[in-house]
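Please read these numbers as outputs of a predicted model, since none were measured by experiment. Position 1 is the first residue of the sequence, and the numbers go up from there.
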Amino acid sequence: MTRAMGAAMRRIHVGNALSAFGLGFTVPYLYVYVAQVRGLGAMTAGLVLAVFAVAALIVLPFAGRAIVRRGPLPVLLAALVTAALGALSLGLAGSAATVLLSAAALGAGQAVMQPALATMIVDCSSADTRSRAFAMQFFLQNLGLGVGGLIGGHLVDTTRVSSFTLLFAIEAAMFLLLVGVLATVRMPHSPHLADAPARSAKGGWKQLLGNRAMVQLSVLGFVLFFACYGQFESGLSAYGVEAAGISTSALGTALAANTLMIVVAQFAVLKFVERRRRSRVIAAVGLIWAVAWLAAGFAGLGHGSQEMATAAFVSTYALFGLGEAMLSPTVAPLVADLAPEGMAGQYNSAFALVKQLALAVGPAVGGPLGASLHGPYIVTFLLFSLGITFLALRLGRQLTAVQDRPWLARGTRVVTRGGAPAEPVGAEA
């Protein structure tokens, strides 16, 4: 990594932390703000949360093309300004229409930030440093969300609209501060649509869908996000309250245990996964999450004391955090390494779209199931976790040696990208 790449990477990491800090300020309090503080009711508050998902699904297919054509930095700056305007207007909005429009702007901007930042990390890293760079991104995102949520919780007062206006103004200021931080970043040159090889220019969605490894990774990604992230604040929390009798304070402790596990374990886990096949690391995550669902089953379906049930439920969230820490230096770099030269933005946007779909479907399926059908809920997601292991091992057969074992490319600038496997990866290096 050159000195210029290192300087750019440091600013990108600052950007990740600031954006997560700003989102942590407001996201946990959106429902209360719309439904109670503005007095617009539960239906409007639910629509606001739905608008976030819909806005992301609309803009992400176009975001990838824009990143490929213009580069990630201009797209990121536009997304940040859009999100800042959405956040500020949301804090001032008093009617349902303005709240929904503001939420759409904030959701669209927030959605585009993810693939743009990921593509910038790809452009500023080598095969040797990419896993560590994405691990740092995930660490800072969780730290920023946690600190932002903690501070935001002490600033809000449901009896004063002005406290929420201040909250959204701070979020907008974080996005604009990030514009200032990143506006002067000197990105290393990477092929865009205008100067990439002809096959990349014609690639687009057709080329992506023709990449069997990327299609399999997208299916695997959907299951990952559906079975874990899509359950945190919906099905799993409903199951904990209804089946395991978990109090709201214990639920907060479980969420804190998840974040703490990520923050504490991230770099210790990184040393472990850097010399392991990516496909087998993901397969191991499926087994860890299967154990997590068994712990959740014991919490709600076992016959131990309430203290044992609470401990098992908190352990569930901690085990999920361990799996997340293993995935952060594994999945995102793999998406980048599967992308042909100049197409990382398209591939990152496609994977972000898969994530948004899973996060939209997950709560819709898991929420009612976790609240009422406790046994089937645990069995369903236990099977999904085992499915992750199966899909990961199957994906490993589609990867080239250096895509599955990136340390083989040490000393080269970029991992071989795209296409079908050049050689089998059946034997361990």
Q.
Distance to the ring centre below 6.0 angstrom and angle to the axis at most 45 degrees; does that hold for Arg394 and Phe390?
A. no
Q.
Less than 6.0 angstrom separating the ring centers of Phe298 and Phe313, yes or no?
A. no
Q: Return the minimal non-hydrogen interatomic distance between Gly323 and Val285, and the atom names on each side.
A: O-CG2, 3.7 Å
Q: Without swapping roles, check the side chain of Gln306 against the backbone of Ala244 for a donor-acceptor pair under 3.5 Å.
A: yes
Q. Can you check whether Phe134 reaches Leu270 side chain to side chain, under 4.5 Å on heavy atoms?
A. no
Q. With distance as the sole test, does Ser279 use its side chain to make a donor-acceptor pair with the main-chain N or O of Leu395 at under 3.5 Å?
A. no
Q: Check the side chains of Ser95 and Thr98 for a donor-acceptor pair under 3.5 angstrom, ignoring hydrogens and angles.
A: yes
Q. So, are Arg278 and Asp337 salt-bridged, with charged N and O less than 4.0 Å apart?
A. yes
Q: State, with a plain yes or no, whether a side-chain heavy atom of Gln403 is found less than 4.5 Å away from one of Gln398.
A: no
Q: Tell me, with the steps shown, if Tyr239 and Trp293 meet ring-ring contact (aromatic ring centres under 6.0 Å, His included).
A: CA-CA 11 Å; Tyr239 168 85; Trp293 284 109; 7.7 Å; no
Q: Say whether, by atom type as modelled, one donor and one acceptor occur between the side chain of Thr316 and the main chain of Ala292 under 3.5 angstrom.
A: yes
Q. Do you see a donor-acceptor pair shorter than 3.5 Å between the side chains of Gln266 and Ser328?
A. yes
(Q) I want to check something: taking the side chain as every heavy atom from C-beta on, are Ser131 and Thr330 in contact at a cut-off of under 4.5 Å? (A) no
Q: Report the C-alpha separation of Tyr33 and Phe168 in whole Å, then their side-chain angles, then the decisive distance to 0.1 Å, and conclude whether the ring-ring contact (aromatic ring centres under 6.0 Å, His included) test is met.
A: CA-CA 11 Å; Tyr33 170 68; Phe168 285 103; 5.0 Å; yes
Q. Is there a donor in the side chain of Gln231 and an acceptor in the side chain of Tyr377, or the other way round, less than 3.5 Å apart?
A. yes
Q) For the side chain of Tyr317 and the backbone of Thr259, is there at least one donor-acceptor N/O pair under 3.5 Å apart? A) no
(Q) Between Arg38 and Ala93 (side chain of the first, backbone of the second, donor and acceptor by atom type, cut-off under 3.5 Å), is there such a pair? (A) yes
Q. Is it the case that Glu324 and Asn258 place a side-chain donor and acceptor less than 3.5 Å from each other?
A. yes
**Q.** Heavy-atom closest contact (Leu220 atom, Ile282 atom, distance)
**A.** CD2-CG2, 3.8 Å
Q) More than 12 foreign heavy atoms under 6.0 Å from CZ of Phe267: is that the case here? A) yes
(Q) I want to know whether Phe226 and Phe381 have ring centres closer than 6.0 Å. (A) yes
**Q.** Heavy-atom side-chain contact between Gln114 and Gln141 under 4.5 Å
**A.** no
Q: Write down the atom of Arg11, the atom of Val181, and the distance for their closest heavy-atom approach.
A: NH1-O, 3.3 Å
**Q.** Exercise: identify the closest heavy-atom pair between Ala45 and Ala35
**A.** CB-CB, 3.8 Å
Q: Give the minimum heavy-atom separation between Tyr347 and Leu338, together with the two atoms involved.
A: CE2-O, 3.7 Å
Q.
To check you understand the geometry: which heavy-atom pair defines the closest contact between Phe222 and Leu357, and what is its length?
A. CE1-C, 3.9 Å
